[in-house]
Amino acid sequence: MSDYLNIELDVHTPYDNQEHPVINKQNNHTDYHMLQSDIHYITSNLNTFYDRMYNYYFRGGIRNIMLSIFLNMAILTTTNIFILYTGTFINWTDIILECKYNTSNCSSLTDYIDYSNKIHPLILLYIVLTSSYALIYLYVNINSLYYYSYIKRFYNNLLEIDTELLNIIKWENVLDKIKEVHDNKKIMIERFNTGSSGLDQYLIISRMTQYNNIFISLVGSNILFNPSNLSRNILFTTYIETIAKTFIFGKIIDIKNTNESTENKLNKARNHIFKIFLLDILLLPFILLFMMTYYVLKNSRDINNKDGLITNKRWTNYALWTFRTYNEVESDFNSRIFKSNFHMNKYISCYPSKSMNFILYFMRFFISTFLLFLIILSFIEERALLDLKLCGFNLLWYLAGLTVITTTLNSLLKTKDFEETNEEIVEKLVKYLYVLPPSNIINNYKLYKTFTKHYKSNIANMLYEISSIILSPYILYVCYYRNIEDIFEFLNKTTTYKPSIGSIDNYSNLQKELDICNNNTDLIRKREKAYIAFKTIYPQWINGVKELDDYLNRVSRYEGDDKFPSMYASELFHSSMTLNQADL
């Protein structure tokens, strides 16, 4: 499917469900007189159109999209300059010999920068590769701004939403406006998928979240993780997710939808994954160099931060995908997870290890004595920390290091300093994670242990990412290349291809009946919760299947019950199914 916004001019004024004759349909270049009120328009690439409509909203307008492009370019350029200088132009040997031993030659940094140094071939190759990527990235994104200019006109002139409103309006309100202009025949978007109620908001959302829905099922079924015993926090980091979504599954799904034999499809898929596997091995040293430098530069400001940002905790990438629900746009998901963090930070303090706290407290006390000594010394003579040395390092270096250690110990010391009970905290937490609240204190503790495995500090998440980059050839080979038959079998069972839309995940399809007996229990629960979430946001939407409507009617009795909100009711109505917390 083309990446271009391909809006076609339709001169048919009567608006019905029949196909309209289209003119100006040469290649990808069409007549963009979008906003003349006496003509209806359609787009032949609705998936791209809706994606860019949402991206324009999510980014906050074309100006922010441009800033995002140049920010990424600035980060890449800064990282390259840092690697080039530290790896080539700075004479580290002279700095160590002259400055470490405080000789008279150690005065100006520029004395140790030598532009005549030859660039190492590996660094030169790295610069060439990253620069080539930067040029391609810049070309693709600058080219997309041409099409975003039409999206901007669509927002401003047809939807009457200017850039300032994008910061306060909700996406569901934007969809309401799109539906309004479509149903009032100001512009034609959908040709065949509008019923008596007009444009269907669910159809728009399902197009936008099409590939996310497939990934939710893949992660929820554990099909990608069963072949390996590694932690899932390593098996599905942001890096692995990017490779899988960008380079693997799009191709696999295209292959699956062809009319070839199963054997040919598997062979093609294996060959494609093997190419990605080889490419990953070739680029691994350069990717690792860039990402390690990027992570250090990104987190360097937090090392000595009084708020301990480097030790702040957040969900791992794997956990985020387990908490996603079908047909959920990024802004709604981010808002939900952001709210969960507040309660999770309380939850991790509910079960402090008293033994560990004793050890950490003593370590903090012991280190504090040295810090106090250094502070007293600095009051006596302000240059003492610079002039006095211990084991070849001045005392200022020790002050910085001990401060970082103390900050880390403070973040590790867990104390419960709030009024809510453990049960009250977890009930507020799971409301945003769509997880069944524990029924007793034992299950509460089990849930706590499960959550804390996937709620890690920023430094831990950074180590997961670096580990996944190093192990990426193993992960790609074991979980994707050797596992391709199971992946294909799963996709054949759980996805349906529609020519006008693409592959649709069956569990996420709220307009298709699903046989509960022959499907994954956990994914059925996720489907039911997705339906409740969608109906909460779009209560006027009436095109869901009878199976889900009946389910919603059964759980409606719990509406207003804070102890058991309807979002958790799928566990109640599948009482024979046990919640497997270990699969989180």
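Just so you know, residue 1 is the first one in the sequence shown, and it goes up from there. These figures come from a predicted structure and were not determined experimentally.
A 4.5 Å side-chain heavy-atom check between Tyr211 and Ile253 finds at least one atom pair inside the cut-off. Between Lys526 and Tyr434, every side-chain heavy-atom pair lies at or beyond the 4.5 Å cut-off. Ser217 places a side-chain heavy atom less than 4.5 Å from the side chain of Tyr326. Looking at Asp505 and Ile216, their side chains never come closer than 4.5 Å, going by heavy atoms from C-beta outward. Side-chain contact between Ile240 and Leu235: absent, with no pair of heavy atoms (C-beta onward) separated by less than 4.5 Å. When side chains are defined from C-beta on, Leu510 counts as touching Trp541, because their heavy atoms get closer than 4.5 Å. Ile65 places none of its side-chain heavy atoms less than 4.5 Å from the side chain of Ser68. Between Tyr464 and Asn317 there is no side-chain heavy-atom pair separated by less than 4.5 Å.
Proximity of a side-chain donor or acceptor of Asn212 to a complementary backbone N or O of Glu330 within less than 3.5 Å is not detected. Between the side chain of Asn55 and the backbone N or O of Asp51 there is no donor-acceptor pair closer than 3.5 Å. No donor-acceptor pair under 3.5 Å is formed between the side chain of Asn483 and the backbone N or O of Leu224. Counting only distance, with no hydrogens or angles, the side chain of Arg336 and the backbone of Tyr432 share a donor-acceptor pair below 3.5 Å. Not one N or O on the side chain of His343 forms a donor-acceptor pair closer than 3.5 Å with the backbone of Glu427. Distance alone, capped at 3.5 Å, is enough to place a donor-acceptor pair between the Glu465 side chain and the Tyr239 backbone. A distance-only check finds a donor-acceptor pair linking the side chain of Thr421 to the backbone of Glu424 [under 3.5 Å]. In this structure, Lys265 contributes its side chain and Thr258 its backbone to a donor-acceptor pair below 3.5 Å. Judged by distance alone, with hydrogens and angles left aside, the side-chain atoms of Tyr155 form a donor-acceptor pair with the main-chain N or O of Met53 at under 3.5 Å. A donor-acceptor pair is defined here as one N or O able to donate and one able to accept, closer than 3.5 Å; such a pair exists between the side chain of Thr242 and the backbone of Thr238.
In terms of heavy atoms, Asn213 sits closest to Ser508 at ND2-OG, 3.4 Å. Contact record, Lys456 with Thr316: CG-CG2, 4.0 Å, taken as the closest heavy-atom pair. The minimum heavy-atom distance between Ile475 and Ser468, with the atom names listed, is CD1-O, 4.2 Å. The two residues Val181 and Leu158 have their closest heavy-atom pair at CG1-O, 3.5 Å. Across all their heavy atoms, Val219 and Phe225 have their closest contact at O-CE1, 3.8 Å.
Under the 30°/60° scheme for interplanar angles, the aromatic rings of Tyr54 and Phe58 are found to lie parallel.
The number of heavy atoms from other shown groups lying within 6.0 Å of OH (Tyr497) is above 12. Counted within 6.0 Å of OH on Tyr202, heavy atoms from surrounding residues, nucleotides or ligands total more than 12; the atom is thus considered enclosed. Residue Lys535 qualifies as enclosed at atom NZ: its count of foreign heavy atoms under 6.0 Å is above 12. In Asp550, the CG atom is crowded: over 12 heavy atoms of neighbouring residues, nucleotides or ligands sit closer than 6.0 Å.
With values rounded to the nearest 0.5 angstrom, Thr450 atom OG1 is found 9.5 Å from Lys446 atom NZ. Distance check: Ile62 CD1 to Asn156 CG gives 10.0 Å after rounding to the nearest 0.5 Å. Here the CD atom belonging to Gln511 is positioned 10.5 Å from the CG atom belonging to Leu548, to the nearest 0.5 angstrom. Taken from OG1 in Thr262 to CG in Asn492, the straight-line distance is 7.0 Å, to the nearest 0.5 Å. With rounding to the nearest 0.5 angstrom, the CD1 atom of Ile69 is 5.0 Å from the OG atom of Ser144. The structure places CG of Leu523 at 8.5 Å from OG1 of Thr494, a figure rounded to the nearest 0.5 Å.
In summary, the side chains of Tyr474 and Ser228 do present a donor paired with an acceptor at a separation below 3.5 Å, with no hydrogens or angles considered. Arg314 and Asn341 share no side-chain donor-acceptor pair at under 3.5 Å. Counting only N and O atoms by type, the side chains of Asn72 and Tyr137 include a donor and acceptor under 3.5 Å apart. Of the N and O atoms on the side chains of Tyr531 and Asn327, not one donor lies less than 3.5 Å from an acceptor on the other residue. Between the side chains of Asn257 and Ser503, at least one donor-acceptor pair of N or O atoms lies under 3.5 Å. Asn264 and Ser261 form a side-chain donor-acceptor contact under 3.5 Å, judged by distance and modelled atom types alone.
Residues satisfying the side-chain contact (heavy atoms from CB on, under 4.5 Å) criterion with Glu489, sequence neighbours excluded, are Asp486, Lys493. Residues that satisfy the side-chain contact (heavy atoms from CB on, under 4.5 Å) test with Arg270, not counting sequence neighbours, are Leu266, Asn267, Tyr481, Ile484, Glu485.
Of the candidates Tyr57, Phe333, Tyr50, Tyr57 is the only one forming a ring-ring contact (aromatic ring centres under 6.0 Å, His included) with Trp171.
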- request: Start with the C-alpha distance between Lys268 and Glu260, add both sets of side-chain angles, then the distance that settles side chain to side chain contact (heavy atoms under 4.5 Å, CB included), and finish with yes or no.
  value: CA-CA 10 Å; Lys268 282 189 175 181; Glu260 298 183 48; 2.5 Å; yes
- prompt: After noting the C-alpha distance and the side-chain angles of Ile252 and Ile273, does the key distance pass the side chain to side chain contact (heavy atoms under 4.5 Å, CB included) rule?
  reply: CA-CA 9 Å; Ile252 287 178; Ile273 296 175; 3.9 Å; yes
- prompt: Between Ile243 and Asp280, is a side chain to side chain contact (heavy atoms under 4.5 Å, CB included) present by the stated rule, with each step listed?
  reply: CA-CA 9 Å; Ile243 292 178; Asp280 181 68; 3.9 Å; yes
message: I'd like to know whether Ile469 forms a side chain to side chain contact (heavy atoms under 4.5 Å, CB included) with Thr237, so could you lay out the CA-CA distance, the side-chain angles of the two residues, the decisive distance to 0.1 Å, and finally the verdict.
response: CA-CA 9 Å; Ile469 294 173; Thr237 60; over 6 Å; no
message: Apply salt bridge (charged side-chain N to carboxylate O under 4.0 Å, His left out) to residues Asp549 and Lys546 and explain how you reach the verdict.
response: CA-CA 5 Å; Asp549 283 332; Lys546 185 178 184 300; over 6 Å; no
- request: Might you work through the salt bridge (charged side-chain N to carboxylate O under 4.0 Å, His left out) test for Lys512 and Glu547, ending with a clear yes or no?
  value: CA-CA 9 Å; Lys512 178 182 178 181; Glu547 158 207 330; over 6 Å; no
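For an aromatic pair to be called close, the ring centres must be under 6.0 Å apart, and Phe249 with Phe215 satisfies this. Within the 6.0 Å centre-distance limit, the rings of Phe49 and Phe154 are counted as a close aromatic pair. Between Tyr455 and Phe451, a ring centre-to-centre spacing not shorter than 6.0 Å is recorded.
With salt bridges taken as basic N to acidic carboxylate O contacts below 4.0 Å, one links Asp522 and Arg525.
Sorted by first then second residue, the salt bridge (Lys or Arg N to Asp or Glu O under 4.0 Å) pairs that include residues 161-175, not counting sequence neighbours, number zero.
For the pair Arg59 and Tyr148, the NZ or CZ position fails the cation-pi test of under 6.0 Å to the six-membered ring centre and within 45 degrees of the ring normal.
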